[in-house]
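In what follows, a single structure is set out as C-alpha cells and then discussed.
One-based numbering, in listed order, for ligands and for the atoms of each. All residue numbers in this chain count up from 1 along the given sequence. Please read these numbers as outputs of a predicted model, since none were measured by experiment.
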Amino acid sequence: MKQLFIAGNWKSNKTVPEAEEWLKKFSVHQDNIVLCVPFTVLRVMKGKTFGLGAQDVSPFPEGAYTGEVSARQVHEFADWVIIGHSERRKHFGETDELLAKKAEQAKTVGLKIIYCVPDDQTVIPKNIDVVAYEPVWAIGTGKSDTPENANAVILNIKATSQVSVVLYGGSVTADNVASFVSQPAIDGILVGGASLDPEKFSALIANAR
Ligand code: PGA
C-alpha cells in the first residue's frame with residue numbers, strides 16, 4: 001500500500017488560543033501528516049508528532065526586508081514550507097521568477113518544499129520535494145476536480161518534472177478523499193478548509209486509509 005502524504009493548510013486562520021484548542025482535539029499523530037500554519041502560531045504547533053510547515057517564505061536572505069520572514073527564521077520552527085499557492089499568485093502577484101527565488105532560499109537552509117501548481121503547464125523549480133496540483137476553480141469552492149482528471153494531470157506533472165510525490169488539492173473533504181487517494185498517480189492531498197476543524201480533519205485522515 002502506498003504511503004499517503006496528507007498536508008493541511010490553515011491559510012490566514014487561527015490565533016494562538018484557537019491553535020491550542022485545535023491541538024487538544026486532534027488525536028492523529030503521524031509523520032506523513034504536515035500541517036502548514038500561519039507564522040504566528042508556528043511556535044505553539046512545534047514539537048508535536050506531525051510535521052510542521054509554514055505557508056510562505058521570503059525570497060531574500062535575512063536582512064533589510066521589512067515585514068519578510070526569512071527561510072532561516074522559518075526553519076527555526078518548521079521543516080516544511082508551501083511555496084506558490086494560487087492565493088499568493090493571485091492576491092500578491094507572485095510570479096514564477098519570484099517563486100523560484102523563494103524555493104532557492106528554502107533549500108539554502110534545508111526546508112522541504114510543497115510547491116503548488118494550478119495545472120501541468122506551470123514551471124516547477126528544481127529540488128522540489130512535493131508538488132500539489134490545485135486547480136484554481138476548485139480551491140475553497142466545494143467543486144473538486146474529478147479524481148480521474150486529477151490523476152491524468154498528475155501523471156503529466158510527473159512525466160515532465162523530476163518530482164515523484166504529487167498531491168491533489170481543492171475542496172477535498174472526508175467524504176471525497178478516498179476517491180482521490182485511490183487513484184494510482186495521486187500520492188496524497190493538500191487540504192484547506194477541512195483542516196481547520198480537528199474532528200473533520202481526523203475523519204478525513206481516517207477515510208484516506
Ligand atoms: P480547500 O483549499 O481544501 O479549502 O479547497 C485547498 C488549498 O488551498 O490548499
Side-chain angles (χ1 to χ4, degrees), residues 4-14 18-19 22 26 28 32-39 41-42 45 50-57 74 78-94 96 99 102-103 106 111-120 122 124 128-147 149-151 153-154 157 163 165-183 185-208:
L4 288 177
F5 189 104
I6 300 179
N9 173 14
W10 278 4
K11 311 194 179 190
S12 195
N13 291 292
K14 295 197 191 293
E18 287 163 359
W22 188 97
F26 185 72
V28 188
N32 61 332
I33 297 169
V34 174
L35 201 66
C36 299
V37 302
F39 294 129
V41 301
L42 279 172
M45 303 300 286
F50 48 80
L52 188 60
Q55 303 164 5
D56 187 27
V57 66
V74 171
D79 291 324
W80 289 88
V81 63
I82 294 177
I83 296 178
H85 192 282
S86 67
E87 288 154 12
R88 303 283 328 161
R89 295 176 192 262
K90 179 177 168 203
H91 299 298
F92 304 94
E94 297 194 353
D96 292 341
L99 296 170
K102 292 186 175 203
L111 276 169
K112 289 180 272 190
I113 300 171
I114 300 172
Y115 196 82
C116 299
V117 294
D119 51 43
D120 54 12
T122 301
I124 297 172
I128 297 300
D129 301 276
V130 172
V131 161
Y133 158 58
E134 298 202 307
V136 174
W137 49 265
I139 296 177
T141 59
K143 292 189 195 110
S144 57
D145 201 346
T146 63
N149 190 59
N151 189 67
V153 173
I154 286 173
I157 291 171
V163 183
V165 181
V166 184
L167 318 178
Y168 167 73
S171 296
V172 178
T173 63
D175 293 333
N176 66 14
V177 66
S179 67
F180 288 102
V181 297
S182 59
Q183 291 290 326
I186 302 182
D187 300 298
I189 43 167
L190 176 54
V191 185
S195 69
L196 291 173
D197 178 314
E199 275 132 16
K200 279 192 193 150
F201 194 43
S202 304
L204 187 153
I205 293 165
N207 290 355

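Note: Trp80 and Phe5 have perpendicular aromatic rings, judged against thresholds of 30 and 60 degrees for the angle between ring planes.
Proximity to Ile139 (heavy-atom distance under 4.0 Å) selects the following atoms of ligand 1: 2 (O), 5 (O), 8 (O). Every atom of ligand 1 is numbered from 1 in the order shown, and the set under 4.0 Å from a heavy atom of Lys11 is 2 (O), 7 (C), 8 (O). The ligand atoms of ligand 1 that sit less than 4.0 angstrom from a heavy atom of Ser171 are 1 (P), 3 (O), 5 (O). Interface of Leu190 with ligand 1, defined as ligand atoms under 4.0 Å from a residue heavy atom, comprises 9 (O). When each atom of ligand 1 is checked for a heavy atom of Gly193 under 4.0 Å away, the hits are 1 (P), 3 (O), 4 (O).
Rounding to the nearest 0.5 Å gives a distance of 4.0 Å between CG of Asn9 and CD1 of Ile82. Once rounded to the nearest 0.5 Å, the distance linking OH of Tyr133 with CG of Leu167 reads 13.0 Å. Separation of atoms CG (Leu42) and CG (Leu35) is listed at 10.0 Å; rounding is to 0.5 Å. Here the straight-line distance linking atom CG of Leu196 with atom NZ of Lys11 works out to 8.5 Å at 0.5 Å rounding.
Leu52 is listed as a side-chain neighbour of Val37, based on a closest heavy-atom distance under 4.5 Å. Using a 4.5 Å cut-off on side-chain heavy atoms (C-beta onward), Asp56 and Phe92 make no contact.
Backbone and side-chain nitrogen or oxygen atoms of His85 are examined, and one is located within less than 3.5 angstrom of a nitrogen or oxygen of ligand 1. An N or O contact shorter than 3.5 Å links Gly192 to ligand 1 by distance. For ligand 1, none of its N or O atoms has an N or O atom of Gly169 under 3.5 Å away.
At least one heavy atom of Gly140 lies less than 4.0 angstrom from ligand 1. At least one heavy atom of Gly170 sits closer than 4.0 Å to an atom of ligand 1.
At a 4.0 Å heavy-atom cut-off, ligand 1 touches Ala138 through the backbone alone.
By the side-chain hydrogen bond (donor to acceptor under 3.5 Å, both in side chains) test, Gln183 is found to be paired with no residue, residues two or more places apart in sequence or in another chain being considered.
For atom 9 (O) of ligand 1, the closest non-hydrogen atom of the protein is Glu134 OE2, 2.7 Å.
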